[in-house]
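In what follows, a single structure is set out as structure tokens and then discussed.
Please read these numbers as outputs of a predicted model, since none were measured by experiment. The sequence lines fix the lettering, A, B, ..., with proteins before strands; numbering per chain opens at 1.
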Protein chains: 4
Amino acid sequence: MPKLGMQPIRKEALVKATIVEIGRAGSLDVTVAQIARRAGMSTALAHHYFGGKEAIFLAAMRHILSIYGAEVRGALAVAKTPEARLDAIILASFSAANFRREVISAWLNFYVLARTVPGAQQLLSVYQRRLHSNLLAALRPIAGAKAVPLAHAMGALIDGVYLRAVLRDGPPDGQAAIEMLRRYVAAELEGRPE
Amino acid sequence: MPKLGMQPIRKEALVKATIVEIGRAGSLDVTVAQIARRAGMSTALAHHYFGGKEAIFLAAMRHILSIYGAEVRGALAVAKTPEARLDAIILASFSAANFRREVISAWLNFYVLARTVPGAQQLLSVYQRRLHSNLLAALRPIAGAKAVPLAHAMGALIDGVYLRAVLRDGPPDGQAAIEMLRRYVAAELEGRPE
Amino acid sequence: MPKLGMQPIRKEALVKATIVEIGRAGSLDVTVAQIARRAGMSTALAHHYFGGKEAIFLAAMRHILSIYGAEVRGALAVAKTPEARLDAIILASFSAANFRREVISAWLNFYVLARTVPGAQQLLSVYQRRLHSNLLAALRPIAGAKAVPLAHAMGALIDGVYLRAVLRDGPPDGQAAIEMLRRYVAAELEGRPE
Amino acid sequence: MPKLGMQPIRKEALVKATIVEIGRAGSLDVTVAQIARRAGMSTALAHHYFGGKEAIFLAAMRHILSIYGAEVRGALAVAKTPEARLDAIILASFSAANFRREVISAWLNFYVLARTVPGAQQLLSVYQRRLHSNLLAALRPIAGAKAVPLAHAMGALIDGVYLRAVLRDGPPDGQAAIEMLRRYVAAELEGRPE
DNA sequence: AATGAATGAGGATTCATTCAT
DNA sequence: GATGAATGAATCCTCATTCAT
């Protein structure tokens, strides 16, 4: 018996199923049938709601990025000093919600997706730009002229840590990642102030 | 006009074609037919020489890793001081031969491959371990207790720079990458020694 | 115009088409495409319903064996004496429904299939055991100690007649086969009673 | 270093390899490459000597049939009485040389081949006719009018025993087969003479 | 005599997508 | 809203066969 207002529920189920399946498969080689089955519906319905596989992937990507964005935003809101702001970004990047096996796996694969699908590339660019500007805003007061290169390096380092976490067998170690980032920032800031 | 001793020639052609095609496609969604066509032979011959698609991918991966390994080894051989050794690794990582669009793209996709194919995972692990031990050997004399975490961070940073280079449109900027790494090392080494 | 409840209809069509095609080809070298075409559907649908070629073959085999089994069961039900029972088995074995060109051809090829596919071997074993026990039950009261070897021989003779029918050009002669079996039984039973 | 007069040696090796491979595979799904490898040569050479796969199969079939024929001929030559002649045929049919796993498997598959390849059909017909006339010649003096149907039944029974031997797991039991045939003949001859 | 090289043809299987119900 | 039915278009892989050496 079909109910009204199922659309958002179905869509969310599909998005979550997509992330799980990409995590499980370790690649984008995931069939719509797998996603739909895990979401508890037919493939036809999945198509009905999203129009196509690519749109499903994009929605999953948007979901992950928006969760990450929300977490960062929330943490920044309560941080008072530049140092606290910087740390908030680091902590959000490796929080339990984001630095999870499936999410990391999906993340890596979205980098791949971005090479093919313009929409994905755009989403990833937006995320990178936002991260960069957040980092920059926090760094500017405390790093001076170093702020720009430092922000670039931190972005790359975060991504690198994600990338490496994909390969490891056990659960990802967020704490170690956080320490690595903190240590990096500390080292760069400790040096001659300019 | 069949000649003798074609096997190595054909295999190499296929490996190179594979890297090019993965670079072009931006993903592992590359058909054997595409690879074979670019290598100038039939798909049947590609299968004949490698036995299957996976083996072709693995050979391509091994090729890239071995070139990188050779370059590092060569640079380390002539470097006399620890500092020179460290710089040699950095330079090799972003040399014109390795830090090329196609190679970077292939690199990213090999990370994905490693999630599925055990052989690929192993190859990547070997590469990471070797890089780590090279970094460590160079850092130990000059970074003391910091050597281990620093080597980890450098490895992650290198991978992160690769990952980010994938997304950018233009040609990858090896020089900027080198400077980013050098700057980080300098900052860490400058700080209080323990 | 897709309707509901097509699964059993499609499956049956595929099973029948399989038997016809094996009969036509004279071997198991029958493509799924041929079977699907004759059954009036795409190969994809055939795979969808059966999961693979082997499963289609097994279903066809099961179909033939079950028809034969049903016919024997039906005939045994109305036979009152051991002699009538024995004759019922013979008649069913060479009835118009079973002793047809295509069915015989399929039969032979299922023997071949049984050499490769465990499921097929099992099906054939079941058929042989059931035939044997039916024969034995009918023979025991009238053949005494001879019953066991006689049942074996009759089974072999029936199979042999099938085998030879495969080679002949014209339509198989069920009547002649029945007479051969009857004569064989008569000869064995006439001999000294023990 | 190619030698002269290799042709018959190579051909025989291929024929034997073919029988072994058909026995191993349990079907005609045997590649020329497998046959050639087992025979210790390249596929190109196999083609060179036989011209094609079909010709290889036919040669293998001819080989088996001719061995069987030779054995029967030899046994008939020394048999003095009709009874002895009959027994000679039975014995030859289930001799250790013929009633072997691989040979039986090949035999079955030649029945399949005969449905497709005219040459195979002809070979099999020749064998059947020869067996029939041998049986008839032996039976005529001792079975009178029964000779013809008895010869037919014996032929079918022999084939049936072969067919059933294919399915059994263990080694084929020639002795049991011989007894089955002898028992049948005895029963028919014992009965009232007309 | 012998073989490595090479390929065209074909075959099983998968999958995103569409459509009628 | 929801789904079973259905397929066209790939894709990987195999294999008999040919050819130049």
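- As rounded to whole Å, 18 Å separates atom C1' of E:dT14 from atom CZ of C:F50.
- The side chain of B:H47 has F:dT14 as its nearest neighbour among E:dA12, F:dT14, F:dT7.
- Residues B:R115 and A:S105 have side chains that bring a donor and an acceptor to within less than 3.5 angstrom of each other.
- Note on B:S42: a base of the nucleic acid sits closer than 4.0 angstrom, heavy atoms only.
- Look at CD1 on B:I56: it is 13 Å from C1' on F:dT11, rounded to the nearest Å.
- Rounding to whole angstrom units, CG of residue D:L14 and P of E:dA1 are separated by 14 Å.
- Among the nucleotides F:dT17, E:dA2, E:dA6, the one closest to any side-chain atom of D:K53 is F:dT17.
- Rounded to whole angstrom, the span from the CD1 atom of C:I35 across to the P atom of E:dG11 amounts to 12 Å.
- Exactly one residue among A:K16, A:R38, A:R37 makes a salt bridge (Lys or Arg N to Asp or Glu O under 4.0 Å) with A:E21. That residue is A:R38.
- Taken from CG in D:L163 to OH in C:Y111, the straight-line distance is 4.5 Å, to the nearest 0.5 Å.
- Taking atom CE on D:M6 and atom C1' on E:dA2, their separation rounds to 10 Å, with Å as the unit.
- Crowding of A:E54 atom CD: a count of heavy atoms from other residues, nucleotides or ligands under 6.0 Å not exceeding 12.
- Between D:G40 and A:G52, the one whose closest nucleotide on DNA chain E sits nearer the 5' end is D:G40.
- Separating the CZ atom of C:R37 from the C1' atom of F:dT7 is a distance of 15 Å, rounded to the nearest angstrom.
- In DNA chain E, the stems built from three or more successive Watson-Crick or G-U pairs (distances below 3.5 Å) are E:2-21 with F:2-21.
- Between F:dG1 and A:H48, a contact under 4.0 Å exists linking OP1 or OP2 to a side-chain N or O.
- Across all their heavy atoms, C:A114 and D:L167 have their closest contact at CB-CD2, 3.6 Å.
- The 12-atom threshold is not exceeded at CD of A:Q122, counting heavy atoms of other residues, nucleotides or ligands nearer than 6.0 Å.
- Considering only residues two or more places apart in sequence or on other chains, D:A55 meets the side-chain contact (heavy atoms from CB on, under 4.5 Å) condition with D:F50.
- C:M41 places its CE atom 18 Å from the C1' atom of E:dC19, with the value rounded to the nearest Å.
- Following rounding to the nearest Å, C:D29 (CG) and F:dC15 (C1') show an atom-to-atom distance of 12 Å.
- A residue-by-residue look at B:G51 and C:L45 shows that C:L45 has its nearest nucleotide of DNA chain F further toward the 5' end.
- When the side-chain nitrogen and oxygen atoms of B:R10 are compared with OP1 and OP2 of E:dG4, none of them lie within a distance under 4.0 Å.
- Applying the 4.0 Å criterion to OP1 and OP2 of E:dG4, one finds that B:Y49 has every side-chain N and O outside that range.
- For D:V32 and B:V30, each mapped to the nucleotide of DNA chain F holding its nearest heavy atom, the one lying further toward the 5' end belongs to B:V30.
- Of all nucleotides listed (F:dA6, F:dC15, F:dT7), F:dC15 comes nearest to the side chain of B:A44.
- Rounded to the nearest 0.5 Å, atoms CG (B:L58) and CZ (B:F110) are 8.5 Å apart.
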